[in-house]
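Down below is the structure, laid out as structure tokens.
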Amino acid sequence: MTTTTVSLVRHGEVFNPEHVLYERLPGFHLSARGQRMARATAQYIARQPALCDAVAVFSSPLDRTQETSQAILESLNEERDNRGQGPLALALDERIIEAGNEFRGKRIGHGDGAVWRKGNIGLLHNLWKPSWGESYRQIAQRMGDFVYEKVDEYPGEHIIAVSHESPIWTFRHLLETGRAEHNMLLRHTGLASITTITFDNTTKPPVSIEYADPAAAVI
């Protein structure tokens with residue numbers, strides 16, 4: 001059986017002192033702690049035999065994911081240089097971008113948080129769709145399109161994709177339960193965490209799903 005492994009990495013903490021729901025807005029970068037998280041995860045990947053053999057690194061086009069990806073590439077390429085291999089370059093893919101959200105640019109839950117303002121509360125009528133933005137089915141579909149394309153392109157190899165909490169968890173939830181809809185409060189996708197999924201190249205079901213949170217203790 002030939003297998004392809006895809007490691008889905010969530011970006012590190014974002015500098016966001018105004019507590020804005022930044023969604024896909026430009027200009028939101030990793031905080032100092034987020035940079036340390038990215039380096040911790042990058043070093044973890046470079047030290048793990050099952051992860052440091054990645055042959056490609058992809059990223060959502062947003063600032064925070066690209067910055068996390070660059071930390072990973074730096075560590076991976078140092079390891080590749082030690083093995084006499086050439087460096088990897090970053091490739092961007094829109095399909096693994098953050099979920100669309102109607103609250104983008106608003107301050108949720110702070111002071112007169114946008115959720116409670118007139119005209120916004122109606123967006124919360126369905127927590128399972130969800131009703132405030134891109135549906136979980138749409139998110140899982142585009143993430144799945146990306147992942148299965150790469151499984152076919154890289155048979156027997158390992159790739160890394162840096163994305164966001166919602167796309168990573170929604171796709172994992174679909175694989176594990178058969179449905180994309182879920183309770184967002186029960187997600188298990190820490191900042192700079194790694195969700196590694198191994199697929200059978202012939203039949204495509206996941207052979208295994210593993211989770212690591214190497215940046216959990218970063219302060």
Side-chain angles (χ1 to χ4, degrees), residues 5-25 27-80 82 87-93 96-99 108 139 143 146-147 158-173 175-176 182-198 206 208-219:
T5 299
V6 181
S7 289
L8 302 174
V9 180
R10 186 183 175 192
H11 61 80
E13 180 187 82
V14 174
F15 181 70
N16 185 21
E18 298 300 318
H19 304 286
V20 172
L21 202 157
Y22 38 77
E23 193 238 21
R24 299 176 181 177
L25 295 174
F28 284 88
H29 301 273
L30 295 182
S31 65
R33 178 173 178 251
Q35 293 169 14
R36 293 193 293 273
M37 287 178 144
R39 289 194 295 271
T41 295
Q43 291 165 8
Y44 175 87
I45 289 172
R47 291 195 304 265
Q48 299 296 316
L51 299 177
C52 70
D53 63 349
V55 298
V57 178
F58 297 87
S59 175
S60 153
L62 298 179
D63 296 314
R64 55 194 183 272
T65 44
Q66 290 198 59
E67 290 164 358
T68 303
S69 300
Q70 290 298 340
I72 292 171
L73 275 174
E74 183 177 334
S75 290
L76 273 181
N77 284 336
E78 182 178 347
E79 180 63 25
R80 288 176 63 84
N82 291 337
L88 300 177
L90 183 62
L92 305 184
D93 199 298
I96 59 176
I97 200 170
E98 177 65 282
I108 303 298
I139 297 167
M143 178 62 93
F146 166 82
V147 168
H158 171 222
I159 71 163
I160 294 172
V162 183
S163 184
H164 308 264
E165 180 184 36
S166 182
I168 293 171
W169 181 259
T170 302
F171 182 62
R172 175 180 176 177
H173 194 267
L175 291 177
E176 293 183 320
H182 63 274
N183 184 338
M184 63 183 296
L185 300 178
L186 300 180
R187 291 173 179 165
H188 189 52
T189 316
L191 288 164
S193 63
I194 309 167
T195 300
T196 298
I197 310 170
T198 299
S208 65
I209 299 177
E210 301 178 8
Y211 177 79
D213 195 0
V218 173
I219 58 174

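Quick caveat, the model's predicted, so the values are computed rather than measured.
- Across Ser31 and Glu13, no two heavy atoms sit closer than the pair OG-OE1, 2.6 Å.
- The closest donor-acceptor contact from the side chain of Asp63 to the backbone of His29 lies at 3.5 Å or more, if one exists at all.
- One N or O on the side chain of Arg33 and one on the backbone of Val218 form a donor-acceptor pair closer than 3.5 Å.
- With Ser166 contributing its side chain and Ala99 its backbone, the two residues share no donor-acceptor pair below 3.5 Å.
- Atom CG of Leu76 is separated from atom CG of Asp53 by 9.0 Å, given to the nearest 0.5 angstrom.
- Counting non-hydrogen atoms of other residues, nucleotides and ligands closer than 6.0 Å to CD of Glu176 gives a total above 12.
- Surrounding CD of Glu74 are at most 12 heavy atoms belonging to other residues, nucleotides or ligands under 6.0 Å away.
- Closest approach of Pro167 and Ile97 over heavy atoms only: CG-O, 3.3 Å.
- A pairwise comparison of heavy atoms in Thr170 and His182 identifies OG1-CE1, 3.2 Å as the closest pair.
- Between the side chain of Ser163 and the main chain of Ile96, a donor-acceptor pair closer than 3.5 Å is present.
- Within the 3.5 Å criterion, the main-chain N or O of Ile219 finds a donor-acceptor partner in the side chain of Arg36.
- Note that the CD atom of Gln66 and the CG atom of Leu73 stand 10.5 Å from one another [nearest 0.5 Å].
- Between Leu175 and Ile197 the shortest side-chain heavy-atom distance falls below 4.5 Å.
- For Phe15, the CZ atom counts as loosely surrounded, since its 6.0 Å shell holds 12 or fewer non-hydrogen atoms of other residues, nucleotides or ligands.
- Within the model, atoms NE2 of His11 and CE of Met37 stand 10.5 Å from one another, a figure rounded to the nearest 0.5 Å.
- With values rounded to the nearest 0.5 angstrom, His164 atom NE2 is found 11.0 Å from Ile139 atom CD1.
- A pairwise comparison of heavy atoms in Leu30 and Arg64 identifies CD2-O, 3.8 Å as the closest pair.
- No donor-acceptor pair closer than 3.5 Å links the side chain of Asp213 to the backbone N or O of Ser193.
- In this structure, Leu51 and Tyr44 have side chains that are in contact, with non-hydrogen atoms separated by less than 4.5 Å.
- Aromatic ring pairs are classed by plane angle as parallel below 30°, tilted from 30° to 60° and perpendicular above 60°; the pair His188 and Trp169 is perpendicular.
- In this structure, OG1 on Thr5 lies 9.5 Å from CD1 on Ile159, to the nearest 0.5 angstrom.
- Ser60 and Leu92 get closest at one heavy-atom pair: O-CD2, 4.1 Å.
- Remark: side-chain polar atoms of Thr65 are not paired, donor with acceptor, to backbone N or O of Ser59 under 3.5 angstrom.
- Considering all non-hydrogen atoms of both residues, Arg24 and Leu62 come closest at O-CD2, 3.6 Å.
- Between the CD1 atom in Ile209 and the CZ atom in Phe171 there is a gap of 8.5 Å [rounded to 0.5 Å].
- Counting heavy atoms from C-beta outward, Thr68 and Thr41 have side chains that stay 4.5 Å or more apart.
- For the side chain to side chain contact (heavy atoms under 4.5 Å, CB included) criterion with Ser75, the lone passing option out of Arg47, Arg80, Gln43 is Gln43.
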